Number of protein chains: 2
Amino acid sequence: MGTGDYELLWGEVSRPSRGRPAGLSRERIVAEARAIADAEGLQKVSMKHLAERLGSGVMSLYRHVPGKDELVLLMYDSLMTGPPPIPEADHWREILRGWGQGVRGLFNTHPWALSVATSERSMGPGEATWVDAVIGRLTAVGMPIELALISVLTVDCFVMGAVRPELAGDSGEAEFFQFLADPAMRARFPNLALLTQPGAATDVAMGDHFEFGLERVLDGLERHIETSA
Amino acid sequence: MGTGDYELLWGEVSRPSRGRPAGLSRERIVAEARAIADAEGLQKVSMKHLAERLGSGVMSLYRHVPGKDELVLLMYDSLMTGPPPIPEADHWREILRGWGQGVRGLFNTHPWALSVATSERSMGPGEATWVDAVIGRLTAVGMPIELALISVLTVDCFVMGAVRPELAGDSGEAEFFQFLADPAMRARFPNLALLTQPGAATDVAMGDHFEFGLERVLDGLERHIETSA
DNA sequence: ACTGCGATGCGTATGCGATACGCTAATTAG
DNA sequence: CTAATTAGCGTATCGCATACGCATCGCAGT
């Protein structure tokens, strides 16, 4: 992966005038694959299943995408075809907050995207468009461009990390600490046990974990800006 | 996954006195699988390859682990069998910094672990031990326990997000912005183009991205503590 | 020792997913 | 009308996880 993906993501899709015209298209394949992933999970995206949905033969797909792995990369980048989540605000903090929440929303809408995002890959046109846009907006409101880049990266890092527990299930904590039902385990993990005692304010903390963490990251950036100035 | 893993991770490994004694053991299988993953990547961990390494038949493995997916979970949790990365410090900030760096080191030593960590899963005994330990240490130096938990979660989120680009390759930036070699692309992404201009201080920023981000997160937590007090 | 239960080791068979190859069908340039 | 060119896709292959059932091995109880 890594290197060879460049051609795939950035190469142009040729549309020859000669020869048999294409019924399928890379666009349609990627869109249908995304529909499957959204509805049934990335695991259910097989070339066979995909071909059935498209009403075509399995091997026909290979005329439009090099292979399964590459298809997944295309699926991911196509998520960022639309407008980036940049709020109409004039303060960097609000812009980054909106950006972070937008990215979170993306992963919540397309849970399969997280595993793609956290795999080794190179940046595609969609992602580049989005990143370029935020950075442009941040510099427009006065943020130095190097700081803008690293701030976006930092926020993204936090968001990707923080989104995982959300995807694990709404119940969250209940299953997360399931083992603490056993008294022996409460003795083995006394601190975790404290947190699940009746009366502990953990529920609130866990529920708002994303918001809390994001604000802390923004606080940290703010302090850095104040200190540097 | 998710729910059914509980028994696997927390259930006791029976050692019956009757019947034929086991030559293989779950422990040995997991250890060998980890060795393969460390050396050749998680993708190369197949039941066949693993069995060859262990000098056993493929199906013998299934007497000790339920299946491949479960094996991977066991591999991950076994990473946290040793002592947690908690520095001998008395200030929460140093403790969390050391913890964050330690977790980062874990993922750098075992790159395959990141994809497991970012998949949906439940907490195993190893991870529980580590988390219990940090939280205990943080409360010991005066941090409220709810804050300790959410701070650890926040740091973990950042670390997991920030570690990915590191694993992608040492070159990092060069390949990351490969498409910007094309003048047409520099026009299409003007802000990213600025960042790769000769003279831009991006190299430094990207290189220290982890350290920078971690300090920002810690700054954010510090401000929150000051404000709350 | 002897025997039989209870557990392990593992060969074989199955089924699924990805994909290489090569033939067939559909257009269009000349 | 024909040759060139490209898309559609059936068939075959290969790797991988794993269900099933049999053979094997030792200890427990006699």
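This structure is a prediction, so every number in the text was calculated from the model and none was measured. Each chain gets a letter, A, B and so on, in the order the sequences are listed, and its residues count up from 1.
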A:Met59 has an atom CE; how far is it from atom P of C:dC21, in whole Å?
10 Å
Provide, to the nearest angstrom, the distance between the NZ atom belonging to B:Lys68 and the C1' atom belonging to D:dC16.
8 Å
Scan A:Ser60 against the nucleic acid and name what it touches under 4.0 Å (heavy atoms): base, sugar-phosphate only, or nothing.
base
Hey, does the side-chain of A:Arg20 have a donor or acceptor N/O within less than 3.5 Å of a partner on the base of D:dA7?
yes
Could you tell me how far apart A:Arg15 (CZ) and D:dA7 (C1') are, to the nearest whole angstrom?
13 Å
Rounded to the nearest Å, what distance is computed from the CG atom of residue A:Leu24 to the C1' atom of nucleotide D:dT6?
13 Å
Whole angstrom is fine here: how far is it from CG in A:Leu54 over to P in D:dA7?
16 Å
Distance, rounded to the nearest Å, where B:Leu50 contributes CG and C:dG9 contributes P:
13 Å
Any idea which of D:dA7, C:dT27, D:dG29 is nearest the B:Arg18 side chain?
D:dG29
I would like to know whether A:Arg34 and A:Glu40 meet salt bridge (Lys or Arg N to Asp or Glu O under 4.0 Å); could you show each step before the answer?
CA-CA 10 Å; A:Arg34 264 180 54 183; A:Glu40 311 174 53; over 6 Å; no
Selection from D:dG26, D:dC9, D:dA7 that lies nearest to any side-chain heavy atom of A:Pro16
D:dA7
When you look at CD of B:Glu27, are more than 12 heavy atoms from neighbouring residues, nucleotides or ligands closer to it than 6.0 Å?
no
Measure the distance from NZ on A:Lys44 to P on C:dA18 and round it to the nearest whole Å.
13 Å
Looking at the side chain of B:Ala22, which of C:dC10, C:dT8, D:dC9 is the nearest nucleotide?
C:dT8
In whole Å, I'd like the distance from the CG atom of B:Leu61 to the P atom of C:dA7.
20 Å
Cationic tip of B:Arg216 within the cone over B:Phe212's six-membered ring, i.e. under 6.0 Å and within 45° of the normal?
yes
With side-chain hydrogen bond (donor to acceptor under 3.5 Å, both in side chains) as the test, would you mind laying out the steps for B:Asp156 and B:Trp99 before giving the verdict?
CA-CA 9 Å; B:Asp156 280 350; B:Trp99 167 263; 2.9 Å; yes
What contact category does A:Arg63 fall into here, base, sugar-phosphate, or nothing, at under 4.0 angstrom with non-hydrogen atoms?
base
Taking the basic N atoms (NZ, or NE/NH1/NH2) and the acidic carboxylate oxygens, is any pair closer than 4.0 Å for A:Arg26 and A:Glu70?
no
Would you indicate what B:Gly57 reaches in the nucleic acid, counting non-hydrogen atoms under 4.0 angstrom: base, sugar-phosphate, or nothing?
sugar-phosphate
With heavy atoms under 4.0 Å as the rule, sort B:His64 into base, sugar-phosphate or nothing.
sugar-phosphate
